[in-house]
Amino acid sequence: MERPGLTPLVPYDGERLTLKGGASLTFLGPAEDIPADRINDRSLITLFQTGSASVLLMGDAEEPAEQSLMRHHPGLRCDILKVGHHGSDTSSSPAFLSALGAQTAIISCGTDNDYGHPAEQTLTNLTLAGVRDIRMTAESGTVALPLIAYKENAV
């Protein structure tokens, strides 16, 4: 961004990009009620949608961002959750997970990381919220899930 002539584009809450094949990416956060000094909670939060699934990508967001997201998008649900803040105990609150109804969770964290991610409490919260499939990059490397994009008039 320091190169001359580059101007950052900051998406607004609710801005939607429609991709080829009918999939979309909607920006849901951070909302303006998150203070600028809460760096993790100012992560971009996006919802990727296809005709077959919705994936909520939480960045490094923690519980204050989760609460803000639910205030601004009270009916938000997803099939797949990319867990916030690497599965830290500061993210993935029980109320948030229950509201989303996700069946699959992906936790991006390194093997034997210094932070102990994911936290046991996060794994417990996911299980209690009914998440049936929990995948961690520390265990399986890159996580790839097949998603089928919706194409209007597709055969």
Side-chain angles (χ1 to χ4, degrees), residues 1-3 5-34 38-88 91-111 113 117-118 122-123 125-127 129-155:
M1 295 307 302
E2 294 176 0
R3 282 197 271 166
L6 293 179
T7 304
L9 295 175
V10 180
Y12 59 85
D13 186 5
E15 184 173 355
R16 183 177 177 157
L17 301 174
T18 301
L19 309 170
K20 287 184 178 181
S24 67
L25 185 69
T26 305
F27 295 90
L28 301 177
E32 293 303 315
D33 58 352
I34 299 294
R38 299 223 24 121
I39 300 299
N40 286 344
D41 289 320
R42 297 290 303 169
S43 286
L44 279 179
I45 299 171
T46 58
L47 181 66
F48 177 77
Q49 295 175 289
T50 70
S52 64
S54 59
V55 183
L56 183 62
L57 303 154
M58 292 296 296
D60 269 350
E62 298 174 326
E63 190 171 356
E66 295 171 357
Q67 292 170 356
S68 172
L69 186 62
M70 298 315 290
R71 278 193 305 275
H72 293 279
H73 302 279
L76 180 63
R77 299 198 41 89
C78 66
D79 302 301
I80 301 166
L81 171 66
K82 197 299 264 163
V83 172
H85 202 210
H86 311 283
S88 162
S91 67
S92 305
S93 64
F96 178 69
L97 296 174
S98 292
L100 291 178
Q103 294 298 302
T104 300
I106 300 167
I107 302 173
S108 176
C109 59
T111 304
N113 63 79
H117 295 153
T122 298
L123 297 173
N125 291 350
L126 288 164
T127 300
V131 177
R132 309 243 183 281
D133 183 12
I134 301 171
R135 300 183 190 202
M136 293 176 266
T137 58
E139 292 178 350
S140 55
T142 300
V143 174
L145 299 172
L147 300 175
I148 300 167
Y150 171 79
K151 285 191 174 186
E152 193 169 336
N153 299 322
V155 180

Worksheet entry | Given Leu28, Val83, Asp79, the one that forms side chain to side chain contact (heavy atoms under 4.5 Å, CB included) with Leu56 | Leu28

Fill in: Gly59 backbone acceptor or donor facing Lys82 side chain under 3.5 Å
yes

Discussion item. Once rounded to the nearest 0.5 Å, what's the spacing between atom OG1 of Thr26 and atom CD1 of Ile45?
Written reply: 13.0 Å

Fill in: Test item: Thr137 side-chain N/O and Thr142 main-chain N/O as donor-acceptor pair under 3.5 Å
no

Discussion item. Has Asn40 got a side-chain atom pairing as donor or acceptor with Ala61's backbone, closer than 3.5 angstrom?
Written reply: no

Practice prompt. Could you check if a side-chain atom of Thr104 sits within less than 4.5 angstrom of a side-chain atom of Val55, using non-hydrogen atoms only?
Written response: no

Worksheet entry | Under 3.5 Å: donor-acceptor pair, side chain of Ser91, backbone of Ser88 | yes

Item to complete: Could you tell me whether the side chain of Ile107 reaches within less than 4.5 Å of the side chain of Leu123, counting heavy atoms only?
Response: yes

Discussion item. Given 3.5 Å as the limit, does a donor-acceptor pair link the side chain of Ser43 with the main chain of Asp60, or not?
Written reply: yes

Worksheet item: Between Phe96 and Glu63, is any pair of side-chain heavy atoms under 4.5 Å apart?
Response: no

Worksheet item: Between CZ of Arg38 and OG of Ser68, what distance do you get to the nearest 0.5 Å?
Response: 11.5 Å

Discussion item. Is it the case that the side chain of Arg16 and the backbone of Ser24 share a donor-acceptor pair, with hydrogens and angles ignored and the cut-off at 3.5 Å?
Written reply: no

Worksheet entry | Spatial distance of atom CD1 (Ile39) from atom CD1 (Ile34) [nearest 0.5 Å] | 12.0 Å

Worksheet item: Any side-chain heavy-atom pair from Asp13 and His73 closer than 4.5 angstrom?
Response: yes

Worksheet item: Can you tell if the side chain of Pro118 reaches within under 4.5 Å of the side chain of His86, non-hydrogen atoms only?
Response: no

Discussion item. Can you tell me how far apart OG (Ser92) and CE (Met58) are? Round to the nearest 0.5 Å.
Written reply: 8.0 Å

Worksheet item: Out of curiosity, Phe27 CZ to Leu44 CG, how far, rounded to the nearest 0.5 Å?
Response: 6.5 Å

Worksheet item: Do Arg71 and Asp33 pass the salt bridge (charged side-chain N to carboxylate O under 4.0 Å, His left out) test, and can you show the C-alpha distance, the side-chain angles, and the key distance before you say yes or no?
Response: CA-CA 10 Å; Arg71 278 193 305 275; Asp33 58 352; 2.8 Å; yes

Fill in: Polar contact flag, side-chain donor to acceptor under 3.5 angstrom, Glu66-Ser93
yes

Worksheet entry | Criterion side-chain contact (heavy atoms from CB on, under 4.5 Å) on Leu47 and Leu57, from CA distance to verdict | CA-CA 6 Å; Leu47 181 66; Leu57 303 154; over 6 Å; no

Item to complete: Flag the pair Asp41 / Pro30 as yes when at least one side-chain heavy-atom distance between them is below 4.5 Å, and no otherwise.
Response: no

Worksheet item: Rounded to the nearest 0.5 Å, what separation is found between the CG atom of Leu81 and the CD atom of Gln103?
Response: 11.5 Å

Worksheet item: Is any side-chain heavy atom of Ile106 closer than 4.5 Å to a side-chain heavy atom of Ile80?
Response: yes

Fill in: Heavy-atom pair with the smallest gap, counting every atom of Ala105 and Leu126
CB-CD2, 3.9 Å

Worksheet item: What pair of heavy atoms forms the shortest contact from Arg77 to Gly101, and how long is it?
Response: NH2-CA, 3.8 Å

Worksheet item: Okay, side chain of Ser140, backbone of Met136: is any donor-acceptor separation there less than 3.5 Å?
Response: yes

Discussion item. Heavy-atom count check: over 12 atoms from other residues, nucleotides or ligands less than 6.0 Å from Glu32 CD?
Written reply: no

